[in-house]
Structure formats: C-alpha cells, structure tokens
Number of protein chains: 2
Amino acid sequence: MNDTATRGRTTPSREAILDAASTLMSRHGYAATSISRISTACGLPASSIYWHFGSKEGVYLAVLQRARQALVAGLPGTVVPGADVPRRLTAFLSAVAEVFDRHPHDLRLLVGISMLEETACSAARAELADYRLALRRWLADSLGSVFGVPGTAAPAEDLAGFLLTIAGGASIARWFEDPDASLPVGDLHVALSALARSRGVLDDAR
Amino acid sequence: MNDTATRGRTTPSREAILDAASTLMSRHGYAATSISRISTACGLPASSIYWHFGSKEGVYLAVLQRARQALVAGLPGTVVPGADVPRRLTAFLSAVAEVFDRHPHDLRLLVGISMLEETACSAARAELADYRLALRRWLADSLGSVFGVPGTAAPAEDLAGFLLTIAGGASIARWFEDPDASLPVGDLHVALSALARSRGVLDDAR
DNA sequence: GTCTATAAAGTGATAGAC
DNA sequence: GTCTATCACTTTATAGAC
C-alpha cells in the first residue's frame, strides 16, 4: 500500500469501487474478497483499483475509513434531552438503537481486521482503535448527560463499556440468527438503571 | 467434501491436523487458512489432510464439531446449587464465566462460518446452529433453576438470550481490545436480578 | 496412511497503450 | 483514469508409488 491512497478523494469511480468492496468484504471477509471479484462487481478493471488504492490493503483501509466517517457523522449530540433520568435514558437508548440499525454491517467489516496477520496492516488496526474509541466516547459522554455526571466519571465509563459490549453482542446475534434484530431497548433501560443505582448515580426511587 | 470425513475417528495424525487447523482458523479465519499452511504447521503433507477430511470444508467442519463437543462435554449440570436466588445466581454466573474462559477462541471459529458463501457449506451452518442452541438451552435451564421456574418459561428464555448476547459481546471485546478480559459477573448479577424483577420472577427485596 | 509430484485455476500486482 | 495483457506465485485438489 503506497501513497496513491490519497489521490482523488471522492470521484465516482472511486466510490463505486468502495461500494463493491464494502459489500463483499462485510459479507465474506477480507481474505475471501479478491481484487478480481471487486473488479467484476463494480465493472472496473483490476488495474483501476490499483491505480486508486495501490493495493488490496489500501482498498480495505479506505473502506474502513469511509465507514467510520459515516458513523461519526451520524452520531447525535451528547446532550440528551429529557426532563428526568428515566426519560433521558429512554431518549438516549432510542438514539443508540437508531445508530445501531443504520450501520448493520460495520462489525463484520471490523472483524476482518482482527483476522489479519499480526505483522500486517497496522494502519487498519489503528483505524479499528479509532472507530471503537469514537463510539465509546460518545456513549460515555451521552450517559454522563443522562445521569448528570461528567462523561469522564467512572460510572459513565463503566456503563458505556457495558453498553458497547451489548451492542457488539447484539450485532453478533443479528448476523448469526436474526438479521432484522435490533437492540433490546426495554431490557437495556432496566439493566442500565439498576447498574446506575448500584453505582450511586441514581436514586432508589423508580 | 465427501464421506471420507467419517474415516478414522481419533487417530493421532487426525488430531494433529485438527489442532493445527483449529489454531490457524481461529486466528486468521477460514479463507486465510490454506491447506499448505495447515500442512506445514502440523508436519503432514497436504495429501494426508485430504485423505482424512476430503476437502478444506471437511477440515473446517471437523474443527467445528470437535469444538462443540468439547464445549458441551464441559458444561456443568443445570441444577444450580445455593440456598436462595442471589446465591444461586452468583454460583451460576461463576460457572458461566468459567466456561467462557475455557473456550476463548470458539467465537472466532464460529464467525468464520457466517463469512462463507451463502450457497456453500450447509453442514457447517447446521453445526453453528447446533452450537448456539446447545448453549442457549443450557443457559435457559440453569436460569430456570436459579429463579425456580421451568427452563422453558418465557423469563428464563429471555434472560438466556440476554446473557448469550452479553457473552458474545464480551467475546468480541476480548479479542478486539483485551485478550484476558472475562465476563463482568458483578454487573451481570445486578442486571439479571433487575430483569428478573421486572418480569416478576424475583421479589423486590434485595 | 503417508509420501512426491503435479495439474488446473485463481491470486495480488504491474506494464504500457490509449 | 481506464483498458488489455501478462507475470510470478499460491491455491485446492488429485494421481500413484510405497
């Protein structure tokens, strides 16, 4: 992968290649997605793909970057509206569920990274770390707003970690058994309230 | 994949091939694990692998079957010991965490299946369904024992689904950021108690 | 059951005309 | 920027001696 990755940011052909690669890689994984299959899927010859991205890893990196940018751009603000904690929690969880539903294949894309050789593709690994961190920060800040504590406070960070775990698990469940499954927002409301109470950031009153 | 998969059930060479394939496939995925790499890893020629398993898919299927059998054989009974619900829940969750820690790479193996072509490898897909179902049944029956309801009751099934989601998510978190992470048993105790209460199978008393 | 040798196809990547 | 043509290599899988 060379610096050709920085050429021609948003040309139509570049986007067409990324669309095809994105679909194939999220469906079959990185290793099983060959350049020739991307080529036939988008109708452009292999050499065009190499001209745009320099290597197969370059294609992958660009796919990941585009996915992260789309996710981050679609995140609502971290100031959650609502009169009291239960209402704010409900509003927040429905926002999370919406983001979750809007990015159905992202985890499959990310999983591909961790299957790569340890030695290779450190740029893709950095991209993965950025992706996960951006989500975690948004969750923690929003949860802080819900419970009226700083987003950097331990309870907010803890609950964000718990919620991120659930989101990952729900993503797994979605692609293993039910493609249309969303987040269990009702149960999450109950569980997060209880966890907040156990950490002293929510009164015992319902 | 032909019927050679049924030959010589537990010969040493067969096990050596499965050991190597299991390691490589859980680390790099199905597509990135070639027969030649398995061959060099276990010291046997490619033709021996084909003699034992008939095809690459045959190797994969055998790896999955062995993993499921090992998991199922290691599950404790579904009658959970303990004087009251909180104690039984604690005992159950530590049993779950132990199983979780003992099978660190199973999810990575299973993820490989869902990356295969839709048309191919229906046997592996059936194996995946069996694997997940066995876990879910054990969880539901054990949770029924914890809360004193039948394992087929809706609350037990619901909580089992929730717990399976968390286990999947924790598995993701483990391989994405912290290889040594286990299940958050403390938080799970709080969360599952609250969910049980919301379903009326646990008194409001702590 | 294991070995060597090899066939047939697919892979990542590049050269050079246009 | 896209095209055709191609190289060097790896892939799955098989044939046949031992």
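We use all heavy atoms of the structure for the numbers below, so side chains are in, but hydrogens, waters and symmetry mates are not. Proteins get letters first, then strands, A, B, ... in listed order; numbering begins at 1 in each.
- Ion pair Glu157(A)/Arg137(A) flagged as a salt bridge, since at least one NZ, NE, NH1 or NH2 atom sits closer than 4.0 Å to an Asp/Glu carboxylate oxygen.
- The distance from atom CH2 of Trp51(A) to atom C1' of dG16(C) is 16 Å, rounded to the nearest whole Å.
- Atom-to-atom, NE2 of His52(B) to C1' of dT2(C) comes out at 9 Å; the value is rounded to the nearest Å.
- Remark: the Ser55(B) side chain and the dT12(D) base include no donor-acceptor N/O pair separated by less than 3.5 Å.
- Within the 4.5 Å cutoff, the side chain of Phe162(B) has heavy atoms near those of the Ile166(B) side chain.
- Contact annotation: Ser13(A) side-chain N/O to dT2(D) OP1/OP2 distance is under 4.0 Å.
- We find that CD1 of Ile49(B) is positioned 17 Å from C1' of dA15(D), with the value rounded to whole Å.
- Taking atom CG on Leu44(B) and atom P on dT4(C), their separation rounds to 11 Å, with Å as the unit.
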All N/O contacts under 3.5 Å from nucleotides 8-11 of chain D to the protein, with atom names and distances to one decimal?
residue	atom	partner	partner atom	Å
dT11(D)	OP1	Ser34(B)	OG	3.2
dT11(D)	OP2	Ser36(B)	OG	2.9

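- Judged by distance alone, the side chain of Trp175(B) and the main-chain N or O of Val111(A) form no donor-acceptor pair under 3.5 Å.
- Judged by the 6.0 Å distance and 45° axis criteria, Arg199(A) is not positioned over the aromatic ring of Phe147(A).
- Contact annotation: the side chain of Ser94(A) never approaches that of Val185(A) to less than 4.5 Å [non-hydrogen atoms, C-beta and beyond].
- Protein atom CD1 of Ile38(A) is 11 Å distant from nucleotide atom C1' of dG12(C), rounded to whole Å.
- Straight-line distance from the CG atom of Leu24(A) to the C1' atom of dG12(C): 16 Å, rounded to whole Å.
- Look at CZ on Phe53(B): it is 16 Å from C1' on dT12(D), rounded to the nearest Å.
- Within the structure, every side-chain polar atom (N or O) of Tyr50(A) is placed at least 4.0 Å from both OP1 and OP2 of dT14(C).
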Legend entry - Worked verdict on Arg37(B) versus His28(B) for side-chain contact (heavy atoms from CB on, under 4.5 Å): CA-CA 11 Å; Arg37(B) 285 177 69 167; His28(B) 306 300; 3.5 Å; yes
